Amino acid sequence: MKGLKERFGGLGTSATVQLEFRRADRKPVKAASIKGKGSETEQLPLYTNKDSVVGEIRVANTPGKKVEHQGIKVQLLGQIELKTERGSPNDFLALVRDLAPPGDLTSLQTYSFEFNDVEMQYDSYRGLQVRLRYLLRVTVTRSYGTSIVKEFPFWIRNTEDVPPPPPGPQPPIKMEVGIEECLHIEFEYDKNKYHMKDTVVGKIYFLLVRIKLKHMEIEVRRRETIGSGSHARNENETLAKYEIMDGAPVRGESIPIR
């Protein structure tokens with residue numbers, strides 16, 4: 001990804017801003033492949049809690065044109081934004097580094113920045129009703145006209161901080177569904193709690209089959225709940241879908257799930 005560089009132009013005709021993410025230990029910056037709209041994916045720099053966010057910012061004026069400014073700064077922000085409040089996010093993390101005092105931008109300027117051991121305990125999240133995001137915001141403040149503001153998002157994933165399930169055996173999940181005197185199916189999964197790196201194992205038992213079945217699918221869904229009590233709002237999103245049967249089952253048959 002060439003150092004995870006991001007460049008933004010289109011700032012009128014005044015200046016362009018370029019940011020390169022780096023690591024304090026000089027190792028390559030990891031990248032996360034994040035699902036976007038539809039089938040699109042986006043590559044974002046990947047960090048975890050207590051990482052240092054380090055990089056370099058380049059601000060360049062349009063050749064032959066001077067940019068007067070009241071200072072240049074970079075902010076590291078953590079934000080939560082509800083779907084009903086788009087455009088008005090709530091900041092739970094806000095750090096700032098001043099890069100340059102007021103002056104004139106007459107040529108390309110390079111600024112290094114470093115946010116050390118940043119407390120980023122919440123994972124990044126993009127859902128149907130809410131999103132939690134982290135970003136770097138570069139601001140070139142101007143006394144007249146519109147200030148130049150550009151944002152560079154990155155992703156937080158703290159899988160190593162997820163505690164393992166409690167030791168010892170866990171009760172399985174059992175569920176029965178069906179149609180009276182026509183279909184009786186029992187689902188059984190080996191435990192009721194899973195680690196993010198676990199494998200889901202189970203079986204489906206056909207106890208009564210008096211109707212014709214063509215195929216069966218199993219879905220992994222993510223359920224979002226915003227609010228509580230009578231004000232709670234739920235949204236479901238299908239993350240994955242698997243076909244586990246193709247054909248007609250008979251009574252007493254079982255299908256393994258893994």
Side-chain angles (χ1 to χ4, degrees), residues 31-44 46 48 80-86 121-133 155-258:
S33 182
I34 309 303
K35 181 181 177 182
K37 295 181 180 180
S39 59
E40 297 178 357
T41 58
E42 182 180 3
Q43 298 293 315
L44 294 179
L46 178 64
T48 60
I80 294 178
E81 185 177 34
L82 300 179
K83 182 179 180 181
T84 56
E85 301 175 352
R86 286 291 164 87
Q121 58 180 316
Y122 305 117
D123 282 19
S124 298
Y125 179 76
R126 289 181 182 175
L128 300 176
Q129 300 185 91
V130 64
R131 68 173 179 173
L132 189 153
R133 66 173 188 156
W155 199 258
I156 300 299
R157 185 178 294 158
N158 293 314
T159 54
E160 298 300 327
D161 295 336
V162 177
Q170 298 182 47
I173 298 176
K174 290 187 177 183
M175 179 176 59
E176 296 183 7
V177 297
I179 304 172
E180 187 176 357
E181 297 183 358
C182 294
L183 179 67
H184 187 186
I185 303 175
E186 182 180 272
F187 297 84
E188 181 177 345
Y189 299 96
D190 61 336
K191 52 187 176 182
N192 62 359
K193 293 181 180 179
Y194 290 90
H195 189 273
M196 294 180 67
K197 297 181 179 180
D198 272 349
T199 299
V200 178
V201 179
K203 278 190 175 183
I204 300 175
Y205 300 93
F206 293 89
L207 307 180
L208 177 65
V209 182
R210 290 180 178 171
I211 59 176
K212 187 175 181 180
L213 301 177
K214 292 184 178 180
H215 72 279
M216 180 183 292
E217 295 177 338
I218 187 169
E219 294 180 351
V220 178
R221 291 185 176 183
R222 176 172 62 194
R223 187 177 190 183
E224 293 178 4
T225 301
I226 303 297
S228 61
S230 60
H231 300 287
R233 299 193 306 273
N234 299 311
E235 288 283 354
N236 294 321
E237 181 181 5
T238 300
L239 302 179
K241 184 184 296 185
Y242 307 94
E243 183 176 354
I244 59 175
M245 185 193 73
D246 185 11
V250 296
R251 180 180 178 179
E253 186 175 356
S254 65
I255 300 175
I257 299 174
R258 184 178 178 83

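Keep in mind that this is a model prediction, so the values were computed, not measured.
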Can you tell if the side chain of E253 reaches within under 4.5 Å of the side chain of V209, non-hydrogen atoms only? no
Distance from L82 atom CG to Q129 atom CD, nearest 0.5 Å? 8.5 Å
Test log, rule side chain to side chain contact (heavy atoms under 4.5 Å, CB included), inputs K35 and L239: CA-CA 11 Å; K35 181 181 177 182; L239 302 179; 5.9 Å; no
For the OH atom on Y122, are there more than 12 heavy atoms of other groups (residues, nucleotides or ligands in this structure) within a distance under 6.0 Å? no
Taking the side chain as every heavy atom from C-beta outward, state whether L132 and D123 have any pair of such atoms under 4.5 Å apart. no
Give the intermediate values and the outcome of side chain to side chain contact (heavy atoms under 4.5 Å, CB included) for residues I255 and F206. CA-CA 9 Å; I255 300 175; F206 293 89; 3.5 Å; yes
With a 4.0 Å cut-off, would you call K83 and E224 a salt bridge? no
Close side-chain approach of I257 to Y242, heavy-atom, < 4.5 Å: no
Nearest 0.5 angstrom please: W155 CH2 to E42 CD, how far? 8.5 Å
Just so I know, are the side chains of I173 and F187 near enough to count as touching, which here means a heavy-atom distance under 4.5 Å? no
Just wondering, more than 12 heavy atoms not from R126 lying within 6.0 Å of its CZ? yes
Salt bridge or not between E237 and R222? Use side-chain N to carboxylate O under 4.0 Å. yes
Test N158 against T48 for side chain to side chain donor-acceptor pair (under 3.5 Å), laying out the working first. CA-CA 5 Å; N158 293 314; T48 60; 4.7 Å; no
With no hydrogens and no angle check, is any side-chain donor or acceptor of T225 less than 3.5 Å from a backbone partner on N234? no
Return the CE to CD1 distance between M216 and I185, rounded to the nearest 0.5 Å. 4.0 Å
Report yes if the side chains of R157 and I34 come closer than 4.5 Å at any heavy-atom pair, otherwise no. yes
Report the distance from atom CD of E217 to atom NE2 of H215, rounding to the nearest 0.5 Å. 4.5 Å
Going from NE2 on H184 to CG on L207, what distance comes out if it is rounded to the nearest 0.5 angstrom? 5.0 Å
More than 12 heavy atoms of other residues, nucleotides or ligands under 6.0 Å from CD of E180: is that the case? no
Does any part of the side chain of P172, heavy atoms only, come nearer than 4.5 Å to the side chain of K191, both counted from C-beta? no
